[in-house]
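Contents: one structure, followed by commentary.
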Amino acid sequence: MNWTDWQTLSIENPFTANSLRETLDGGQAFRWSLEQEDIWQGTWGLHLTQLRLDPTQSLQFRHPSKNRFTTEQAIRDYLLLDTDWNAIIDQLPWRSDSHLQSSIQAFPELRLLNQPFAETLLGFMCSATKQIPQIKIMCANLANKLGDEIVDGAHALPTWEQIAQSSEETLRSLGLGFRAKNIKRTADLIVQDPGCLDTIETLPYEEAKERLLVFPGVGSKIADCTLLFGARKYEAFPVDTWIIKVLQRRYGLEGWANPQLEQFGRIHLGPYAGYAQQFLFAYERANR
DNA sequence: AGGCAGGTGGCCA
DNA sequence: TGGCCACCTGCC
């Protein structure tokens with residue numbers, strides 16, 4: 001494949017190799033992989049892009065020459081390069097929370113992504129009781145079998161309309177397992193109400209979550225991940241197995257039920273609880 | 001070989 | 001509300 005020349009993205013606070021890996025491949029998105037040494041290749045929407053840190057640690061990108069759709073601005077929007085993350089970190093309660101402080105220090109420049117809402121929902125519906133490598137395989141199968149071709153055999157994730165046109169059996173053949181039934185039923189609901197996802201994305205957090213919970217196979221955790229990584233609802237605090245471990249071991253919350261853990265997260269961590277969650281999650285996984 | 005994995009929903013008290 | 005369990009599939 002022919003690629004454009006590498007172009008440098010100017011950033012206030014550059015990534016480290018570690019924080020770039022954790023941001024792209026730490027479980028927010030399931031469509032990035034290490035293509036060559038130190039070159040990340042990923043897909044979102046109809047974008048196909050490679051990223052690397054050059055020898056001076058500057059972030060650079062390139063895209064297939066044929067894919068004129070991908071622009072620097074599209075990448076800046078996806079990576080949220082113009083968000084002042086340090087100002088947000090400053091509003092987290094790290095001054096009174098030494099474990100949070102350690103987690104933040106362990107992953108300097110870890111960021112949240114701004115992914116397309118519809119495909120964020122799809123990715124996390126695949127994630128139930130699966131580890132990241134398996135989720136990535138499911139997403140790749142969905143894209144290759146049902147999604148539009150971007151360029152030279154690279155495919156986008158399917159739209160919900162494309163999924164609705166497939167059978168549950170087809171979805172099962174892509175390795176989705178018991179998730180196939182709910183993903184198919186959710187696709188049917190979305191097709192019945194065109195534009196509903198666009199609407200949900202614009203609603204305030206509480207209302208948006210309520211609307212997502214209507215879809216079969218979407219519970220509190222998947223709804224929160226979708227809103228945090230696909231709709232910039234930073235108060236969303238996904239409670240997964242890793243965060244449960246953190247809250248039990250580091251915050252002494254053994255025996256608390258999930259709804260209470262969610263409430264603790266939102267109250268203790270505040271309007272950017274989801275960003276704090278990402279640091280706690282990354283730090284816990286790094287020390288497993 | 002059996003248990004477990006970034007969950008959810010149904011059923012029971 | 002709280003506890004238990006089935007559910008696909010692949011990996012250890």
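First the proteins, then the strands, lettered A, B, ... as listed; each starts at 1. Just so it is clear, the structure is predicted and the values come from calculations on it, not from any experiment.
- If you check every strand for non-hydrogen atoms under 4.0 Å, Glu284(A) touches nothing.
- Distances were taken from every side-chain heavy atom of Lys221(A) (C-beta onward) to each of dG6(B), dG10(C), dC8(C); the shortest belongs to dG6(B).
- Between Arg172(A) atom CZ and dC7(C) atom C1' there is a gap of 8 Å when expressed in whole angstrom units.
- Separating the C1' atom of dA6(C) from that of dG3(B) is a span of 15 Å, rounded to the nearest Å.
- Regarding Ile244(A), its CD1 atom lies at a distance of 11 Å from the P atom of dA5(B), rounded to whole Å.
- Residue-level contact check: Gln277(A) touches the bases, meaning some heavy atom is under 4.0 Å from a base atom.
- In this structure, Asn182(A) places its CG atom 12 Å from C1' of dG10(B), rounding to the nearest Å.
- Residue Ala128(A) places its side chain closer to dG7(B) than to any other of dG6(B), dC11(C), dG7(B).
- Nucleotide dC8(C) forms a pair with no other nucleotide shown, judged by Watson-Crick or G-U wobble geometry with both contacts under 3.5 Å.
- Both tests hold for Arg52(A) against Trp6(A): distance to the six-membered ring centre under 6.0 Å, angle to the ring axis within 45°.
- Here, dC4(B) and dC5(C) have their C1' atoms 15 Å apart, quoted to the whole Å.
- Nearest to the side-chain atoms of Ala257(A) among the listed nucleotides dG6(B), dT9(C), dG2(C) stands dG2(C).
- Here the side chain of Glu22(A) pairs no donor or acceptor atom with the backbone of Leu110(A) at under 3.5 angstrom.
- A cation-pi contact, defined as under 6.0 Å to the ring centre and within 45° of the axis, is absent between Arg185(A) and Phe215(A).
- Set against dG6(B), dC11(C), dT9(C), the side chain of Gln131(A) has dG6(B) as its closest nucleotide.
- With hydrogens and angles left out, the side-chain atoms of Gln60(A) and Thr8(A) include a donor and acceptor closer than 3.5 Å.
- Among the atoms of the strands shown, base atoms are found under 4.0 Å from some heavy atom of Thr129(A).
- Distance Leu142(A) CG to dC8(C) P: 17 Å, rounded to the nearest Å.
- Spacing between atom CG of Leu247(A) and atom P of dG6(B) amounts to 17 Å, rounded to whole angstrom units.
- By the 6.0 Å contact criterion, CG on Asp193(A) is enclosed, its count of non-hydrogen atoms from other residues, nucleotides or ligands being greater than 12.
- As a whole-Å value, the separation of Arg288(A) CZ from dA5(B) C1' is 12 Å.
- Using modelled atom types, one finds a donor on one side chain and an acceptor on the other under 3.5 Å when comparing Ser167(A) with Thr170(A).
- Figure legend. dG6(B) is base-paired to no nucleotide; pairs are counted as Watson-Crick or G-U wobble with both atom distances under 3.5 Å.
- Counting any heavy atom pair closer than 4.0 Å across all strands shown, Pro133(A) reaches no nucleic acid atom.
- The shortest non-hydrogen separation linking Ala231(A) to Glu201(A) is CB-CG, 4.0 Å.
- The aromatic ring of Phe178(A) does not sit over the base of dC8(C), since the test of centres under 5.5 Å and planes under 30° is not met.
- Going from atom NZ of Lys184(A) over to atom C1' of dC8(C) covers 19 Å, rounded to whole Å.
- Taking only side-chain atoms of Gln260(A), from C-beta outward, the nucleotide of dC8(C), dG2(C), dG6(B) with the closest atom is dG2(C).
- Counting only heavy atoms from C-beta on, Arg179(A) has its side chain closest to dC8(C) among dC8(C), dT9(C), dG7(B).
- Within 4.0 Å of Gly26(A), counting heavy atoms only, lies at least one base atom of the nucleic acid.
- Per the geometry, CE belonging to Met125(A) stands 18 Å off P belonging to dG6(B), to the nearest Å.
- Phe215(A) comes within 4.0 angstrom of sugar-phosphate atoms only, judged by non-hydrogen atoms across all strands, and of no base.
- Contact annotation for Phe281(A): base contact, defined as any heavy-atom pair under 4.0 Å involving a base atom.
- Counting non-hydrogen atoms under 4.0 angstrom, Gly217(A) reaches the backbone sugars and phosphates but no base.
- DNA chain B is contacted by both Ile222(A) and Lys245(A); Lys245(A) maps to the nucleotide lying nearer its 5′ end (nearest heavy atom per residue).
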